[in-house]
Amino acid sequence: MNIFRFAGDMTHLISILVLLLKIYATKSCSGISLKTQELYAIVFVARYLDLFTDFISVYNTVMKLVFIGCSLAIVWCMRLHRVVRRTYNKDVDTFRHYFLVLGCFLLALFVHEKFTFQEVLWAFSIYLEAVAILPQLVLLQRSGNVDNLTVQYVFFLGAYRAFYILNWIYRYLTEPHFGRWIASVAGLVQTALYADFFYYYFISWKNNAKLQLPA
Amino acid sequence: ERNGSSKDEL
């Protein structure tokens with residue numbers, strides 16, 4: 001465990017807690033893409049299959065349970081909570097995310113570390129996580145100005161993967177045979193997707209204006 | 001935690 005990875009896990013946790021706070025405090029999920037939340041639930045379930053087979057550390061197990069639990073709770077809230085579900089605006093959340101699932105699964109069938117059930121699903125979850133934010137970014141663009149908590153959610157989510165890239169560089173330099181190419185390349189793609197969002201977030205923060213994304 | 005093991009990251 002290095003400081004970059006720990007910082008990444010903490011910002012990832014913060015992003016999920018910010019989202020839960022927003023939904024719980026405002027009893028509203030306007031501006032949040034249910035499709036992105038569903039993709040994240042699939043990412044965590046597909047990636048943490050080893051939860052009960054490989055014990056790595058208490059920290060690892062607890063964090064996996066928290067991530068799976070929170071992502072399923074958010075999807076449950078947005079789909080079934082009698083108050084929150086009415087604030088979900090499905091006609092702006094129109095990204096066809098099933099194509100993302102299919103594309104990532106096909107890619108995982110061809111590009112993986114080992115051709116085993118767990119490894120293919122792990123690669124699938126890595127690819128899917130890289131693109132899972134797309135429905136949310138499309139929704140932000142469509143709805144123009146959005147509330148701060150949603151923007152902070154995306155911001156922390158981007159920061160988490162940026163920390164992980166520093167973690168992979170650090171581990172590559174310090175551990176002899178550390179090769180995590182699939183996660184590193186997908187992580188770079190993921191962080192690049194956020195880069196333009198960060199740019200507009202920084203510009204709006206500098207001008208102390210509301211976030212304006214190009215249509 | 002087992003270091004360098006394949007899937008020790010979240």
Side-chain angles (χ1 to χ4, degrees), chain A residues 1-2 4-13 16 43-44 46-51 53-68 112-114 116 118-119 121-123 125-126 129 160-161 163-165 167-168 170-172 174-180 182-184 187, chain B:
Chain A
M1 171 63 83
N2 59 64
F4 302 113
R5 183 148 70 103
F6 185 68
D9 291 341
M10 288 306 109
T11 40
H12 194 188
L13 183 63
I16 293 176
V43 164
F44 291 133
R47 186 178 307 175
Y48 298 152
L49 295 174
D50 62 346
L51 187 60
T53 55
D54 300 352
F55 176 77
I56 291 170
S57 70
V58 173
Y59 170 82
N60 192 275
T61 303
V62 167
M63 289 297 276
K64 285 176 177 176
L65 289 170
V66 166
F67 285 158
I68 290 180
H112 43 260
E113 286 180 5
K114 278 193 305 253
T116 64
Q118 194 161 329
E119 283 293 331
L121 280 188
W122 181 81
S125 83
I126 291 288
E129 184 185 8
Y160 130 71
R161 217 56 185 166
F163 275 126
Y164 252 75
I165 289 171
N167 153 61
W168 289 319
Y170 175 83
R171 290 189 75 175
Y172 177 73
T174 55
E175 288 170 34
H177 45 274
F178 176 80
R180 186 68 62 83
I182 288 181
S184 306
Chain B
E1 91 193 4
R2 289 180 296 128
N3 228 341
S5 69
S6 66
K7 301 283 176 296
D8 62 345
E9 294 180 349
L10 288 173

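Here is how names work: the chains are called A, B, and so on, in the same order as the sequence lines, proteins then strands, and each is numbered from 1. In what follows, every heavy atom counts, from backbone to side chain, and hydrogens, waters and symmetry copies are set aside. No experiment lies behind these values; they were computed from the predicted model shown.
For A:His12, the ring pair (Phe, Tyr, Trp, His ring centres under 6.0 Å) test picks out A:Phe44, A:Phe67, A:Tyr160, with sequence neighbours left out. By the ring pair (Phe, Tyr, Trp, His ring centres under 6.0 Å) test, A:Phe6 pairs with no residue at all, sequence neighbours left out.
In this structure, A:Asn60 and B:Leu10 approach most closely via the heavy-atom pair O-CD2, 3.8 Å. The minimum heavy-atom distance between A:Arg5 and B:Asp8, with the atom names listed, is NH1-O, 2.9 Å.
Taking CD of B:Glu9 as the reference point, atom CZ of A:Arg47 lies at 9.5 Å (rounded to 0.5 Å).
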